[in-house]
Amino acid sequence: MAEPNDATPFLPERLSLKALRETAAGCRGCHLWRPPAQTVFGEGRKRSRLMIVGEQPGDQEDRAGRPFVGPAGRELDRALEAAGIARADAYLTNIVKHFKFEERGRRRIHKTPKRFEVDACRPWLDAELAVVKPEALVLLGSVAAKGVLGPSFKVTQHRGELLDSELAPIVTATVHPSSILRGPPEDRKANREALVADLRVVAEAL
Ligand code: SF4
């Protein structure tokens, strides 16, 4: 049998978050399924008004099996709180559900997913959108934004703007919180404030 080239054959017949989570655990839609990484599916209530989409789980997310629980997740939590958004009110997920990494000694170093990996995983995000039907969709970072809005989209040029999209009434993109941690320490305060300002646009639009 030919290898699948995306996640479509693994989708459940009836879409629910429970069924999606269970079937995604066995997804073999691209080569990233191979252990030791596990599927890290989205998390949040079915009728969340806000969906936040990042790039992919990191080392800590993979170990915990939950999205946004590592350093970038803590950075996001702080920004959400400052913007007046409760994390519990948001559905959090990633555009790629497996941690792509390379091993350096005992460390697992993040590798940016390629377009074909993003495309392979896209059916899961589409299914999450179909179930949750968020009023607002926030795309964090270039991989998620390009994966959803197209390869020519530039987060640096359009961050914090309300964008036209059929995916949700309110759609915007901003930087991934991990970029704040990777950037120069002297820029962190300004970069944190800029992320909060972008999230406030969504909070006010909701
Ligand atoms: S990254 Fe996505 S498409 Fe690839 S195996 Fe994991 S869940 Fe399936």
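One-based numbering, in listed order, for ligands and for the atoms of each.
Between Leu129 and Met51, the closest heavy-atom pair is CD2-SD, 3.7 Å. Considering every non-hydrogen atom in both Leu137 and Ala168, the closest pair reads CB-CB, 4.0 Å.
A donor-acceptor pair is defined here as one N or O able to donate and one able to accept, closer than 3.5 Å; such a pair exists between the side chain of Gln56 and the backbone of Lys111.
Side-chain N/O atoms of His98 and Glu117 include no donor and acceptor closer than 3.5 Å.
Taking 2.8 Å as the criterion, Cys121 counts as a coordinating residue of atom 2 (Fe) of ligand 1, since one of its N, O or S atoms falls below it. When distances to atom 8 (Fe) of ligand 1 are checked against a cut-off of 2.8 Å, Cys27 contributes an N, O or S atom below that limit.
For atom 4 (Fe) of ligand 1, the closest non-hydrogen atom on the protein side is Cys30 SG, 2.3 Å. In terms of protein heavy-atom proximity, atom 6 (Fe) of ligand 1 is closest to His98 ND1, 2.2 Å.
Looking at Phe68 and Asn94, their side chains come closer than 4.5 Å, going by heavy atoms from C-beta outward.
Taking the six-membered ring where tryptophan is involved, the planes of Phe116 and His31 are essentially parallel, since the angle between them stays under 30° and well short of 60°.
Atoms of ligand 1 lying under 4.0 Å from at least one heavy atom of Lys97, given by number and element, are 7 (S).
Contact annotation: Ala120 has at least one heavy atom less than 4.0 Å from an atom of ligand 1.
Of the candidates Phe41, Trp124, Trp33, the one placing a heavy atom closest to atom 7 (S) of ligand 1 is Trp124.
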